[in-house]
Amino acid sequence: METDSVKLESSVWLGNKRHRALLSGWRFSWTELDKKNRDKNTISVPVSEVVAVMEGQVEIHPQKKTKDTDRDFTLFYVKRSNTSGGKGPLWSLGRSQFCCLSRDLRDQWVTQLRIALKTHCPSRPCRLLVFINPYGGKKKAKQIFHSSVAPLFELAGISSHVVVTERANQARDHILKKDLTGFDGVICVGGDGMFSELLHGVIGRTQQEAGVSEHDQSVMLQPCDLHIGIIPAGSTDCVCFATVGVNDPVTSALHIVIGDSQPLDVCSVHHCSTLVRYSVSLVGYGFYGDVLAESERHRWMGPLRYDYSGFLVYLCNRSYQGIVQYLPADSQITSPRDNSRCLSGCRVCSESTERLFPRSESCSSLYSRQLSQYSIESEDNWLSVEGRFRCVSLTCMSSSCPRSPKGLSPSAHLADGTGDLILVRNTNPLGFLTYLHRHTTTQDQFDLPFVEVHRVKAVRFSFLPGEEDDDEDQPNDSQNNTPGILEDPETLCNSDIESNSFGSKQHLAGNQREQGMTEKSRNKSDYLCGLCSSKRSATSVWNCDGEILPYAEISCRVHGQLVRLFARGVEEDPSSRKYNEGNRNCRGRCFSHS
Ligand SMILES: Nc1ncnc2c1ncn2[C@@H]1O[C@H](COP(=O)(O)OP(=O)(O)OP(=O)(O)O)[C@@H](O)[C@H]1O
């Protein structure tokens, strides 16, 4: 095969050791030779993981230095860390400096390697739009970008336009409104909140351009071309962890540089006929909603607030009445209890591309075919469960995090067009503690009599007649005109700042407090629920990727492979099976991982 043929082979020197270097098709390798010309160690790098080839002796740390020696060239590539110590598939920048017999040979190596890069990696980004949240996490995003990420982008010849945000939702509004011609992707340097801004911006813009209404639940959303990259620098970096396997800025930057592409399912959340939010990891009612709401009252504690609030909410021992309806996915294909793991190159996800996007002659016919596929789902296919629940969770991915390496649903897939619905019915405190604790162990958290899990395409949640919470505490259309995502960004932006009706968690929570806990309602029959400072209520709130939703009655739908990340899914790493040290930053998604 042409791609496997040898492009170049010669002797090269690394330091004073002679090697045989070989470029053949997809790989570049170099083998150390002993004095008798016998092969010793070989290092082999796929061309797709070569970051750059430079003439001369080049260093980028601590700062870029080039010594243009005639016979040398320097190869930069992705190096997997052998000493990740259970920290997942950590990548670093490998650097090898080769010396050739002549300048001519050196030039041949550089030319051939660069041709191979162009041929095998046509989808690497050239121009990126980078948003840095200077206030996210430990407020080190700027420093992380400039010291660890920018040098890698520069080395790979990527030009980046950097925007340091000055307010919440600036990144989302920028993506919705500004000219993005020439950009191959948008990058956030921050946490899950920043990722969510980019997600809403990219999906919203794509639908605007395609003339699709996001508020119409039955419509098939247009898949987004613009890739999203995440440089983890927040206090919660769960999306990064679940899609890369580790929260490390250099690893993420390298995935961006080599143009990795990971499709991702996205769940849209609607209330009546209005889009409320998009989610990729957790839409959770009951326990996870209560923990988030409680944690808002303790923001001053920093990330510790999630553990503290989780503890309080657990002690409150609440359960909530409701009706959960769901549209099951095809159980012949996969199930949430089939013990599979969605890892890099997942067969289920790649095969689902065929199911989600059947081949067709043109884009428009593809689009209309998907539309008709969804609209033929009749009400008869929906199933219904009602009762009292400790929690109701829908997740489009495993939602693994450092504290719960298996995640909420260990066999969930990143891009198969389905989500996993987990129903935890009311149970005694010990039973619920067992459920929570099993997220941190190898034991099956679904193997409990009060837990059920379903692979689904859509979910609806409503109350039994007469079960709704006091109207004064439940925002509804007349009380709360929460703008939809597609509305004019200017309006959104003003409403974010002025009325706090949609946007960052802080703002929304503040708004809810203002709206829900009016003086009148506070003086009525409220009482504190044990140690929790929140009012005991017949209803909980939804935690949607770390944001509190303003409505309890919602409907959710999973959109297969709606967006693409610069990632490749979690690479298998034997050491990652050891459940390592805790991370306190899961926004109430994995409380009890002590
Ligand atoms: N300049 C800014 N000032 C205030 N808020 C901002 C700014 N830029 C972004 N934000 C908002 O800050 C929120 C949190 O940011 P991010 O996710 O990066 O950090 P985090 O530390 O993980 O978040 P959190 O503090 O909520 O756990 C996001 O929802 C984002 O909309």
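We use all heavy atoms of the structure for the numbers below, so side chains are in, but hydrogens, waters and symmetry mates are not. Both ligands and their constituent atoms are indexed starting at 1 by order of listing.
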Taking only heavy atoms of Gly136, which atoms of ligand 1 are found under 4.0 Å from at least one of them?
18 (O), 19 (O), 21 (O)
Only heavy atoms of Glu166, strictly under 4.0 Å: list the atoms of ligand 1 that pass.
1 (N), 2 (C)
Considering the heavy atoms of Tyr135, write down every atom of ligand 1 situated less than 4.0 Å from one of them.
1 (N), 2 (C), 3 (N)
Validation row: Val186, Ile175 side chains within 4.5 angstrom (heavy atoms)
yes
Check contact between Arg299 and ligand 1, using heavy atoms of the residue and a distance below 4.0 angstrom.
yes
Please report the C-alpha distance between Asp248 and Thr251 in whole Å, then the side-chain angles of each, then the deciding distance to 0.1 Å, and finally whether the side chain to side chain donor-acceptor pair (under 3.5 Å) criterion is met.
CA-CA 5 Å; Asp248 173 59; Thr251 304; 2.6 Å; yes
Looking at Asp192, which atoms of ligand 1 are within less than 4.0 Å of one of its heavy atoms?
17 (O)
Here the atoms of ligand 1 under 4.0 Å from any heavy atom belonging to Gly137 are 19 (O), 20 (P), 21 (O)
Taking distance alone, with N or O pairs closer than 3.5 Å, would you say Glu547 contacts ligand 1?
no
Please state whether the rings of Trp91 and His255 are parallel, tilted or perpendicular, taking 30° and 60° as the class boundaries.
parallel
Per-atom contacts of ligand 1 with Gly193, taking only distances under 4.0 Å to non-hydrogen atoms
17 (O), 28 (C), 29 (O)
Just jot down the ligand 1 atoms closer than 4.0 angstrom to any heavy atom of Gly191, in number order.
16 (P), 17 (O), 18 (O), 19 (O), 22 (O)
Around Asp225, counting heavy atoms of other residues, nucleotides and ligands shown, do more than 12 lie under 6.0 Å from its CG?
no
Gly190 N/O to ligand 1 N/O under 3.5 Å:
no
